[in-house]
Amino acid sequence: MPIAVTGNAGRALDEASDAIDQVNVIKGKWNEESAFDQEKDKTQFRDYDAACDRVKNFYKEQHEKQTVEFNIKARVEFNNKKRARMGVWEAMEMLNTLVDESDPDTDLSQIEHLLQTAEAIRRDGKPEWMQVTGLVHDLGKLLFMFGSQGQWDVVGDTFVVGCKFSDKIIYPHTFEGNPDFKDAVYSTECGIYQRHCGLDNVMLSWGHDEYLYHVLKDQSTLPEEALAMIRYHSFYPWHREGAYNHLMNEKDQKYLEAVQAFNPYDLYSKSDGTCDPARLRPYYEGLIGKFFPPVLDW
Ligand SMILES: O[C@H]1[C@H](O)[C@@H](O)[C@H](O)[C@@H](O)[C@H]1O
Ligand SMILES: [Fe+2]
Ligand SMILES: [Fe+2]
């Protein structure tokens with residue numbers, strides 16, 4: 001039975017309810033705005049000059065250790081190893097303890113980043129396959145739980161190994177410590193590749209993009225654009241800086257557009273409000289069921 005509140009207490013309640021209405025109006029407005037119109041200005045993202053030592057040290061180590069030799073070994077190991085069997089949501093929960101050392105823009109847990117990305121895509125009315133791509137795109141960071149050597153072979157921007165390291169990669173001088181830097185073949189423009197051979201035929205530095213692409217390509221009904229978004233989302237020297245044109249083929253042009261359409265949701269949603277996994281789970285479990293089997297091999 002409702003309780004009638006009178007006098008001062010009644011007024012206080014009215015004021016409180018007005019305040020709640022106001023908050024809801026502001027929240028509604030916030031929700032309607034696209035992910036990219038948030039307070040944090042776009043130039044404030046990916047500011048690697050201003051990044052902390054954790055990020056700088058991370059890239060120095062990664063750029064020194066991602067060699068051709070390491071990359072071949074990592075791929076052989078990927079093919080020969082059984083890691084885990086689980087569903088997508090379970091994988092998201094498993095990943096949740098990782099804090100990405102390469103990321104200057106967020107300290108949030110990975111499940112929050114995945115949900116923020118998916119929610120930003122959903123808010124913009126994009127198709128379900130793209131929403132679910134946002135939801136899973138960083139699940140490759142599970143590599144860290146499956147015996148990676150550190151974070152340097154899991155997270156961070158990617159680049160091509162086996163040819164000259166592009167000066168469009170962040171902290172390009174740190175490649176001087178990479179044994180491939182002075183290699184007679186690997187240090188040439190095309191290196192071990194042929195001009196316009198297609199990105200599918202080049203080796204991108206090993207990490208969460210490449211790993212997840214290989215896990216999902218045969219275990220999902222995602223369209224090829226979605227797989228390209230997953231595979232190349234960290235390939236900033238390519239999709240943002242325009243490097244590696246000489247290795248692209250026609251198909252890559254189409255993929256480039258897909259990856260560029262995806263990128264703002266991944267990057268700029270990092271300043272959005274946090275998401276509540278329990279509230280969002282039923283919706284996303286529905287999407288997961290449409291594109292993935294209940295249990296996958298990771
Ligand atoms: O630090 C980030 C993070 O690791 C992302 O997951 C990756 O996709 C980005 O390329 C990188 O800059
Ligand atoms: Fe990523
Ligand atoms: Fe991401």
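Every heavy atom of this structure was used, including side-chain atoms; hydrogens, water molecules and symmetry mates were not. Bear in mind that the values here come from a model prediction, so they are computed numbers and not experimental data. Just follow the structure's listing: the first ligand is 1, and inside any ligand the first atom is 1.
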Show the atoms of ligand 1 that are less than 4.0 angstrom away from any heavy atom in [X].
| X | answer |
| --- | --- |
| Gly156 | 4 (O), 10 (O), 11 (C) |
| Arg46 | 12 (O) |
| Asp103 | 1 (O) |
| Ser102 | 1 (O), 2 (C), 3 (C), 4 (O) |
| His233 | 8 (O) |
| His208 | 6 (O), 7 (C), 8 (O) |
| Lys141 | 3 (C), 4 (O), 5 (C), 6 (O) |

Could you measure the distance from the CZ atom of Arg240 to the CD atom of Gln260? Nearest 0.5 Å is fine. 10.0 Å
Ring centroid separation Trp152 to Phe70 under 6.0 Å: yes
Could you tell me whether Phe262 and His239 have their ring centroids closer than 6.0 angstrom? no
Got a salt bridge between Arg123 and Glu119, using NZ or NE/NH1/NH2 to carboxylate O under 4.0 Å? no
Have a look at the Fe ion (ligand 3) and estimate, to 10 degrees, the angle subtended by NE2 (His113) and OD1 (Asp266). 80°
On a heavy-atom basis, the closest approach of Asp167 and Pro172 is O-CG, 3.9 Å
Taking all non-hydrogen atoms of both residues, which atom of Met86 and which atom of Trp298 are closest, and how far apart? O-NE1, 2.9 Å
Does ligand 1 have any atom that is closer than 4.0 Å to a heavy atom of [X]?
| X | answer |
| --- | --- |
| Tyr59 | yes |
| Tyr48 | yes |
| His137 | no |

Exactly one of Leu139, Val88, Thr221, Leu296 clears side-chain contact (heavy atoms from CB on, under 4.5 Å) with Leu216, and that residue is Leu296
Which atom name does His233 have for its N/O/S atom nearest to the Fe ion (ligand 2)? NE2
Below a 4.0 angstrom heavy-atom separation, can you tell me which part of Asp157, side chain or backbone, both or neither, approaches ligand 1? both
Going by the 4.0 angstrom heavy-atom rule, the piece of Asp138 near ligand 1 is side chain
Is any side-chain heavy atom of Asp105 closer than 4.5 Å to one of Leu267? yes
Can you check whether Asn263 reaches Tyr236 side chain to side chain, under 4.5 Å on heavy atoms? yes
Close N or O approach ([X], ligand 1; < 3.5 Å):
| X | answer |
| --- | --- |
| Tyr236 | no |
| Asp266 | no |
| Asp209 | no |

In terms of relative ring orientation, are Tyr48 and Tyr171 parallel, tilted or perpendicular, with 30° and 60° separating the classes? perpendicular
Look at the rings of Phe235 and Tyr232 and say which category their plane angle falls in: under 30° parallel, 30 to 60° tilted, over 60° perpendicular. tilted
Between Asp138 atom OD1 and His208 atom NE2, the angle centred on the Fe ion (ligand 2) rounds (to 10°) to 90°
Residue, atom name and distance, where the atom is the protein heavy atom closest to atom 8 (O) of ligand 1: Ser234 OG, 2.6 Å
Which residue supplies the protein heavy atom nearest to atom 4 (O) of ligand 1, what is that atom called, and how far is it? Asp100 OD2, 2.6 Å
Just by modelled atom types, is the Asp157 backbone N or O under 3.5 Å from a matching donor or acceptor in the Tyr59 side chain? yes
